[in-house]
Amino acid sequence: MPLHGILLAFLTLSAALRAAEPAEFRKSESGYVRHWPGELQVVISVPHDGAARPAEIADRKTGVIVRDTHSAALATALRDAMRARFGRAPHLVVCDLSRRKVDCNRDIKEGAQGNPAAEKVWKEYHAMIDEAERDVLGRVPHGLYLDVHSHGHTKERMELGYLLTAEDLRQPDAKLDHDPSFRRKSSIRWLAERTQASFSELVRGKSSMGGLLEERGVAAVPSHLQRPEKEEPYFNGAFNIAAHGSRDKAQLDGIQFEVPRLMRDTDERRAATAKAVAEAVEAYFRTHFRTELRPKDAQGR
Ligand SMILES: [Zn+2]
């Protein structure tokens, strides 16, 4: 074969090999849920940023239908930041079907409203998160589940949800620490039993997720600097962190992240937010899970 023939054959072969590479994500049977597998003990989900509005799936009749703009792009940035920092990526599960058609952060009755196609997507979404959590717990004893949303509240701050109400979060430290009912109803119940920190420290101290974010210039509530005050809107978490957090069983501890516009609306801001969250997650694991997420040779760098 002449040289140019060999070159041509080589180019054709390498193009074929590239085309045969597996996609980075896999799609559910309906095609409306995507799962990027990962090796880190972190699972991220995005229920409310779906754009698909197929006519054959009826619109929901009641309930919130607002789209969480940029939340999927932010979660992707977060996955990239974690992979860069830890050398391993978290699992990511994204619902691509519009919230007008299905709400995966509500129970199936409210979320799918009896529509079989919507019910199928709802079940696929939760099955993929369950599968990701099982994968994590098959390798390590503990992990963290983050459910990512966007909010349009006036105060530009990250709202972290643990299934504790704003009123719960206004209680004095002594009450949060000594009344076990607060721990028991939270989506980080399992972590609260293991960490050496008090419960008030875990949810709003300097080493809380909010505290660690504030330390990195990301305003967050609850934290050592902010509590949800009376009359202030605050999202405390919903179906996802109840179903996939540790309130009811020993599985991953769950936190809902509600992200304000200026932390998510451009590539640059998403990258900055994602970097801060990845660093905060690293410190959170170190303090409360007693686990280092970065490979040993990269620590201290
Ligand atoms: Zn949402």
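Order of appearance sets the numbers: ligands from 1, and atoms from 1 within every ligand. When reading the values below, keep in mind they use all heavy atoms of this one structure, side chains included, and skip hydrogens, waters and symmetry mates.
Aromatic ring pairs are classed by plane angle as parallel below 30°, tilted from 30° to 60° and perpendicular above 60°; the pair Trp36 and Phe25 is tilted.
Using a 4.5 Å heavy-atom threshold, the side chains of Val93 and Arg34 count as separate.
Checked against the Zn ion (ligand 1), the N, O or S atom of His149 at the shortest distance is ND1. Among the heteroatoms counted here (N, O or S) of Asp68, OD2 is the one nearest to the Zn ion (ligand 1). Among the heteroatoms counted here (N, O or S) of His48, ND1 is the one nearest to the Zn ion (ligand 1).
Looking at Glu193 and Arg183, no side-chain N of the basic residue comes within less than 4.0 Å of a carboxylate O on the acidic one, giving no salt bridge.
In summary, no N, O or S atom of His151 is located under 2.8 Å from the Zn ion (ligand 1).
For the pair Arg194 and Trp190, the distance from NZ or CZ to the six-membered ring centre is under 6.0 Å and the angle to the ring normal is within 45 degrees.
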